[in-house]
Amino acid sequence: MLPKGPYDPNKTEKEILDYWLENDYFKPEFRSEQKLSTAYVEGADKRETYTNILPPPNANGNLHLGHMSGYAYQDLMGRYNRMKGKAVLLLPGKDHAGIQTEVVFEKVLEKEGKTKKDMGRKKFYEECYKFCMENSETAREQEKNLGLSADFDRELFTLDPKIVKEVLQTFIDLYDDGLVYRDKRLINWCVRCQTALADIDTEYKESTGKLFYFKYGFTEPDPYAVEIKNKYAGEEIEVLVERNKGMKYKNKEGEEFKWEFDYYGSIPNETNPADNSDLDVILIGFDDLEVGDKVKGKTIGLMLRLDKDFKLIVINPDNSEVKLDEELDKHFHRFSKYFAGVHIRLFDEYPDDKYYNLGFILATTRPETKFGDTALCVNPKDERYKDWVGKEIEVQTLIGNAKLNIIADEIIDPEFGTGIMKVTPAHAPDDWDIAMKHPEVLPEKQCIGFDGKLNHICGKYEGMKALESRQKLEEDMKKQGILVNLNGKYKNRIQICERCKNQIEPLISHQWFVDTDPLKEKAKQLVKDDFTNIMPEGKENVYLNWMDTPEDWCITRQLWWGYRVPVWYKIQPKEFVTETGEVKERFGEDIMHSMKDYKEYMKVQVDDPGDKWVQDEDVFDTWFSSGQWPVVTLLAKDGDFEKFYPTQIMETGWDILIFWVTRMMLLCPYKAKSYLLRDDKNLDLTDKEITPFQNVYLHGLVLDREGVKMSKSKGNGIDPFKMMHEFGTDALRLSFVIGNKVGQNYRLYEEKIESFRNYCNKIWNISKFTLMNIGDEQVQNFDPDEIGNNMEKDDKKMIKHIDKLIENSTRNMDNFNFGVVAQELYESIWHEFADVYLETIKPRIYTKDRKGNPINTSDEAQDSRKAALWTLWYCLDKYLRLLHPFIPFITEKIWQEFPKKEEESETLMYAKWPN
RNA sequence: GGGCGGUUAGCUCAGUUGGUUUAGAGCAUUCGCUUGACGUGCGAAAGGUCACAGGUUCGAAUCCCGUACCGCCCACCA
């Protein structure tokens with residue numbers, strides 16, 4: 001008998017959980033003596049295995065709703081497969097989560113007034129390990145409370161010695177196979193975290209900044225420009241209006257465009273000292289002019305162009321309305337778009353000859369990287385700069401003169417800025433690529449250090465933080481006449497660290513990289529050939545697209561928390577920047593070695609080679625280890641790999657498809673292969689044997705009521721444990737699943753969970769009603785044939801309905817349509833079974849009327865009653881089985897009281913899925 | 001710039017290889033109900049041109065083409 005009153009989840013769950021755990025039901029090795037149990041095995045266990053290596057949550061904090069929703073899916077699939085007769089292994093774990101944990105733990109230390117540096121590497125590692133172990137314990141309890149039927153004795157931490165051993169071995173294998181290498185390269189550097197980051201560990205943020213147009217002016221003033229300046233500065237002159245609005249020009253592609261300007265003229269009867277033609281004049285502040293008019297104005301400045309076609313700027317002194325800044329800005333942009341190196345000098349602002357030099361105008365958002373420029377680059381098709389390509393120029397900078405090559409590359413967009421770019425290979429990814437393509441461009445001239453400050457090659461700016469120096473540079477460039485224009489509201493996107501949100505500084509440094517090309521090929525093919533199937537289907541494209549990006553994977557991080565790289569150097573390598581900004585690494589005798597030469601100074605092995613050898617300071621990217629998770633977890637216990645690999649499913653959120661699933665698909669097939677070939681190099685392995693999982697099920701993210709992703713910082717999260725306490729774990733689990741489909745985000749709020757609490761209570765009451773009416777009857781032992789003969793129309797209809805439901809449910813479970821299954825069950829049990837069937841049979845099953853007089857006493861009525869009771873029993877039996885994967889606690893509790901055949905499984909967990 | 005998803009009742013969402021039905025559920029709304037499992041309930045009601053426009057079909061929310069709007073991911077912006 002079930003207790004009276006509404007369903008009490010808190011009490012029941014504890015009782016049922018203990019029951020499950022005490023009996024080792026969560027272990028794949030569980031065997032039962034009961035013949036109807038799916039764990040009943042005669043002789044050796046030859047049950048098919050079903051394995052799900054669970055995504056390990058980060059060991060640095062509490063579990064949240066997102067974790068819980070994943071567990072709900074993982075567990076329901078596990079329980080379903082258990083009921084289908086498979087030996088089910090759900091293998092739990094906890095992730096050390098490298099950089100994230102280091103950041104979190106540093107904050108913990110900060111509160112205690114301690115720092116990482118004070119503690120030292122060893123102590124820090126130990127303390128952080130302890131911190132993670134404590135958190136893991138809490139998380140483990142929470143996982144258990146959710147009813148997650150995982151084998152907790154097999155739980156692993158990513159820094160567990162057994163795991164570490166295998167992860168390091170993978171690195172060594174990759175090295176031996178030439179798939180990892182050490183290289184000096186431009187990487188994303190987080191100045192706050194003091195580590196390199198892979199592209200994927202960075203984000204972009206919208207920002208409004210300044211776009212600086214500055215001049216790389218030639219070292220000598222242009223004599224003609226000086227001559228014009230000296231002749232006309234401040235003069236009143238008469239100008240002949242030459243042309244009017246709408247003159248047509250041809251642009252660099254040969255297309256005609258309309259060059260709109262206001263007024264334009266020439267100085268009659270004068271000789272241009274530059275080339276003996278009339279000197280062109282830009283007129284500002286004159287109205288309604290006609291060609292042929294003569295006007296008087298004051299010369300206020302000179303527009304200089306790289307091709308020496310100078311233009312004098314003349315303003316109408318009588319027009320007080322003219323806004324000079326706007327007018328000049330307009331002209332600057334018009335001219336710079338079509339002509340090389342246009343800039344404007346105002347006679348009174350720039351009286352000295354030295355300002356009248358020619359030079360290139362460049363646009364940049366990061367003037368502080370100027371000191372690292374090693375070339376100028378233009379588009380090869382750009383007519384404006386064609387003649388300059390291949391030449392070397394000497395230009396003025398804020399800290400002295402510099403020589404720069406002018407090169408051409410398709411990557412340059414002629415439309416951007418002035419169509420000419422400064423190449424700063426040590427501080428910008430595109431520039432680095434250009435330097436790699438053009439051997440004449442020096443790639444390494446670093447002017448910003450790992451501390452994010454300008455270094456010694458920046459002269460008086462040394463020691464300033466990159467961002468701080470920008471203001472100072474702006475002032476100085478203005479003072480020296482180098483800044484020719486400034487767009488103060490330029491919108492761009494800045495790259496930031498995913499973890500700490502500080503701006504990324506691209507820097508050159510030595511790191512270890514995985515040559516991903518061959519691994520990506522394999523990973524792509526495994527999915528294309530359906531050895532691994534990704535759900536939802538649409539995400540397969542995302543996966544394949546990522547596999548097509550050619551970039552190698554930077555796997556070293558300059559942290560303390562993680563797997564220390566198993567590489568030893570003869571003398572500790574230390575990066576430094578030479579007098580000229582070149583990045584070097586100190587190896588023994590201060591020599592830069594090629595990769596081949598490295599080997600003399602470097603050993604890749606786990607054990608310490610002894611004196612004079614120092615271990616690499618770096619640790620591996622956390623994804624390098626979690627990317628091997630399905631293999632290394634199974635290698636931790638003897639025989640597991642052989643038994644459980646490849647696994648059947650990887651269930652995780654779609655948001656980490658790129659982060660994690662891709663990495664597993666890169667490393668697991670490789671790792672599985674290299675493990676299997678350890679003893680027998682000639683083994684012939686099939687793709688089916690090495691792929692880590694047959695299916696990838698990507699669940700949606702949990703959103704709040706408004707459709708916004710739940711997060712700590714927004715404070716819109718729901719505490720799953722509060723929900724479990726208030727409404728029951730089954731209700732919470734159901735709320736993740738019901739009416740939801742693969743890959744789709746879904747909104748969650750209390751009322752939803754509450755409604756499933758009500759549903760559980762309904763099931764409770766239906767069961768109470770059923771058991772109460774069955775009473776002492778041995779329904780389970782009734783002869784179905786005899787009952788069939790006595791059945792009435794309602795019974796048959798109900799049986800037919802439930803048979804159809806079973807068929808649908810099984811098909812949908814197999815097709816991963818769990819939301820549909822749960823919803824159909826919901827509607828069936830409530831609106832068919834309870835609302836209709838239960839009500840119609842009441843008159844048949846009661847033995848007494850309202851007054852207590854016996855009824856239904858005739859043989860015929862008794863037969864009919866038995867048929868109804870049997871049907872009740874039959875249906876509830878099926879419902880309990882079908883519902884169990886979704887709401888395990890309440891169904892198990894009812895199952896315990898439910899009339900069962902003698903050989904039936906004692907636990908619903910191993911009761912057969914109906915068919 | 002490349003890709004993906006969504007658009008169905010007031011709100012949140014299902015709709016399972018096109019057809020069992022008048023397109024369903026939950027929440028909210030209205031009316032009624034101490035009916036012997038359940039008020040965490042029961043009975044009833046109201047609420048939808050399935051984004052828009054075309055096509056395929058005996059038949060379309062479902063398949064195809066296009067449009068609009070919303071959301072997301074990736075790449076790039078000197």
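Letters A, B, ... are given to chains in the order of the sequence lines, protein chains preceding strands, and every chain is numbered from 1.
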Which part of the nucleic acid, if any, lies within contact of [X], taking any heavy atom under 4.0 Å across all strands shown: a base, the sugar-phosphate backbone alone, or nothing?
X      : value
A/K851 : nothing
A/F816 : nothing
A/I412 : base

* To do: Please confirm whether any donor atom in the side chain of A/N812 sits under 3.5 Å from an acceptor in the base of B/U16, or the reverse.
  =>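 Such a pair is found, so the answer is yes.
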With a 4.0 Å limit, can you tell me whether [X] has a side-chain N or O closer than that to the phosphate oxygens OP1/OP2 of [N]?
X      : N     : result
A/K762 : B/C42 : yes
A/N758 : B/G41 : yes
A/R757 : B/U40 : no
A/K741 : B/U16 : no

* Asked: Nearest to the side chain of A/K804 - B/U20, B/G3, B/U40?
  ->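 Comparing B/U20, B/G3, B/U40 against the side chain of A/K804, the answer is B/U20.
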* **Candidate list A/K842, A/M798, A/K797, test side chain to side chain contact (heavy atoms under 4.5 Å, CB included), partner A/Y837, passing option** =>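 With A/Y837 as partner, side chain to side chain contact (heavy atoms under 4.5 Å, CB included) holds for just one option, A/M798.
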* **Within-4.5 Å side-chain heavy-atom neighbours: A/K84 and A/M813** =>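 Side-chain contact under 4.5 Å: no.
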[atom1]-based separation of [M] from [N] [nearest Å]:
N     : M     : atom1 : answer
B/G18 : B/G59 : C1'   : 8 Å
B/A51 : B/A44 : C1'   : 33 Å
B/C64 : B/U16 : P     : 14 Å
B/C31 : B/A14 : P     : 32 Å
B/C42 : B/C50 : C1'   : 31 Å
B/A45 : B/U7  : P     : 29 Å
B/C72 : B/U67 : P     : 22 Å
B/G55 : B/A61 : P     : 15 Å

* With A/T369, the side-chain hydrogen bond (donor to acceptor under 3.5 Å, both in side chains) member among A/K445, A/Q446, A/K422 ->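 The residue from A/K445, A/Q446, A/K422 that satisfies side-chain hydrogen bond (donor to acceptor under 3.5 Å, both in side chains) with A/T369 turns out to be A/K422.
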* Is RNA chain B part of any stem, that is, at least 3 consecutive Watson-Crick or G-U pairs with both distances under 3.5 Å, and where? ->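 The stems are B:1-7 with B:68-74, B:10-13 with B:24-27, B:29-33 with B:41-45.
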* Asked: With stacking defined as ring centroids separated by under 5.5 Å and planes differing by under 30°, is A/F416 stacked against B/A78?
  ->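 Yes; centroid distance and tilt both under limits.
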* **Base of B/G36 and ring of A/Y846 stacked, centres under 5.5 Å, planes under 30°** =>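 Yes; centroid distance and tilt both under limits.
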* **Between A/T729 and A/E13: side-chain donor-acceptor atoms closer than 3.5 Å** =>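 Yes - a donor-acceptor pair under 3.5 Å links their side chains.
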* Any donor-acceptor N or O pair under 3.5 Å, side chains A/S828, A/Y879 ->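 Their side chains do contain a donor-acceptor pair, which is all the 3.5 Å distance test asks for.
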* To do: Could you check A/Y204 against A/N492 for side-chain hydrogen bond (donor to acceptor under 3.5 Å, both in side chains), going step by step and ending with a plain yes or no?
  => CA-CA 10 Å; A/Y204 286 90; A/N492 70 341; over 6 Å; no
* Whole-Å distance between B/C73 P and A/I656 CD1? ->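 Result: 15 Å.
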* Between A/K752 and A/Y749, is NZ or CZ placed under 6.0 angstrom from the six-membered ring centre and within 45° of the ring axis? ->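 Yes, A/K752 sits over the ring of A/Y749.
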